[in-house]
Peer 1: 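My questions will all concern the structure given below.
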Amino acid sequence: MNKEIDMNFIEDLKWRGALNQVTDEAGLLEAMQSGQIGAYVGTDPTADSLHLGHLIPFMVLKRFQNAGGKAVIIVGGATGSIGDPRPTTERQLLSQEQLLINEKGITTQVTKLFGDDNTTIVNNNDWLGKLTLTDFLRDYGKLFSINVMLKKDVVASRLESGISFTEFTYQILQAIDFHELWRRENVQLQIGGSDQWGNITSGVDLIHSLEGSDANAYGLTIPLMTDATGKKFGKSEGNAIWLNPEKTSPYTFYQFWLNQSDEDVVKYLKYFTFLAPDEIDTLAQTVKTDPGAREAQRRLAQEVTRFVHGQAAVEEAEALSKALFNGDVAELSAAQIADAFGGVPSFDTAAEVKNVVDFLVAGGVEKSKRQAREDVMNGAITVNGDKMTDVTADIDPSTHYDGQFVLVRRGKKKYFLGKVK
RNA sequence: GGGAGUGUAGCGAAGUCUGGCUAAACGCGACGGACUGUAACUCCGUUCCUUCGGGUUCGUAGGUUCGAAUCCUACCGCUCCCA
């Protein structure tokens, strides 16, 4: 492992604003210099795909990997079946079937992000699933003080509103995970969001209890990511941005980043790209000198989309963006539509003349006729490039694109593609 | 086990004592429009469904009443206190 690069890992994180707390900064750097060590990030399969919130710790893990470390990812089949306590309310347990589906989806995505080299993906069900209750109580339970567990922020915040024994125990399971990886994969560092601090330190303490207080085990947390308006990062129109292209198209993903505000864009460039500091500084200058060009946003969108979906997806998203925002969509050919519009939400529609309002509702563009009428009357609906303002007007799918498609726009930039059947 | 609270639209929160003027204040969010840089800010409109006649809502089920989110009964969920 290169000594110079090691020295930069923490410094780089600080510069990028990606460091909240470290248990022992000097100790960690020393461990990294003395040979290859592993770091891990745990993810519970709470959904069938990762979303942008998950990307936050993974970016740091990726930097660790780039710095020469080994990346270890736990897809938490066991912990996922228990549920990491939220500060407010008890979680709903997931069914075993759902957990399996989720594990599979997440494992696929993680593999894509981290590649095969210096990456290990494990499921904690492999060890936690085998642990019997008596072993658990004898081997681990004795090492945890209820008094300490109660003081963890998440637990403390739940004492008023209530917390089940199941969720209360979660921190022990996560601690066992850390120890297990410490033992079998030489994982000495656990990375997580700032809300994971309590769980991470539980793990560090457990390793120290079992392996001696001089055992190398460190924790690192990342600040809570919020946008300039103080809102939690990673939502668009109230929906999560997923990494699964089936759930959030690469085009929508690209647009999410392209639309970041001037206030946030540099922060995200530092955080979500692997661009060098001087390059980011240059982009930061362009935000000041020529904000309208949105050079920084464009670069951010390209970099992150490439990291998650690949170069081809970037090109597709850019081609589509160009067609939608810079061209006259009515002039496009059916072939161009078929080619470029794979990324917008689509729906099937019959080859028959239909009232606009009914058409919009049937296609899922609008959720109710009331809403559809309102939007039509406000001039918010454009069909094949023509603005519709008359609620009694009809849509004839045969007029454009060889009768194969109907292109609907709602508002300024939301497009829907009707595929004529 | 005993006692006290609480459950209102996506969320938060009024309204409940003093039943009708309440499809239900207000805030947030969301959606649309103007402005613009496919921005931010600001401003404006909308935000249960509808064949625009009306229909169905205030944890659930009943009841009282000409009329109930508002009163009564039972049940369910959540919280707190006592044991």
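Note that the structure is predicted; figures quoted are calculated from it, not measured. Numbers restart at 1 for each chain; the letters A, B, ... are given by sequence-line order, proteins then strands.
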Peer 1: List in chain and number order the residues that pass side-chain hydrogen bond (donor to acceptor under 3.5 Å, both in side chains) with Lys70(A), two or more places apart in sequence or in another chain; answer none if no residue qualifies.
Peer 2: Glu185(A)

Peer 1: What is the nucleic acid contact for Arg373(A), judged by heavy atoms within less than 4.0 Å: base, sugar-phosphate only, or nothing?
Peer 2: base

Peer 1: When the P atoms of rC21(B) and rA30(B) are considered, how many whole Å apart are they?
Peer 2: 33 Å

Peer 1: In whole angstrom, give me the gap between the P atoms of rG7(B) and rA13(B).
Peer 2: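 That atom pair is separated by 9 Å.
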
Peer 1: Considering only the C1' atoms, how many Å lie between rC76(B) and rU65(B), rounded to the nearest integer?
Peer 2: 26 Å

Peer 1: With the sugar-phosphate defined as primed atoms, P, OP1 and OP2, and the base as all remaining atoms, what B/S/- string results for nucleotides 43-49 of chain B, 5' to 3', for protein heavy atoms under 4.0 Å?
Peer 2: --BSS-S

Peer 1: Taking only the side-chain nitrogens and oxygens of Lys412(A), find out if one of them lies under 4.0 Å from OP1 or OP2 of rU36(B).
Peer 2: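 Negative; the distance criterion is not met.
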
Peer 1: Among residues 284-294 of chain A, which ones have heavy-atom contacts with RNA chain B below 4.0 Å?
Peer 2: Pro291(A), Gly292(A), Arg294(A)

Peer 1: Say you pick atom P in rA9(B) and the same atom in rA69(B); how far apart are they, in whole Å?
Peer 2: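 Going atom to atom, P in each nucleotide, I get 14 Å.
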
Peer 1: Between His309(A) and Arg306(A) (side chain of the first, backbone of the second, donor and acceptor by atom type, cut-off under 3.5 Å), is there such a pair?
Peer 2: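 No, because the side chain of His309(A) does not come within donor-acceptor range (under 3.5 Å) of the backbone of Arg306(A).
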
Peer 1: I'd like to know if the side chain of Asn123(A) pairs up with that of Glu103(A) as donor and acceptor (distance under 3.5 Å, no hydrogens or angles considered).
Peer 2: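 Note: Asn123(A) and Glu103(A) side chains meet the donor-acceptor criterion.
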
Peer 1: For atom C1', what is the distance between rU6(B) and rC58(B), given to the nearest Å?
Peer 2: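 Taking atom C1' in both rU6(B) and rC58(B), they lie 14 Å apart.
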
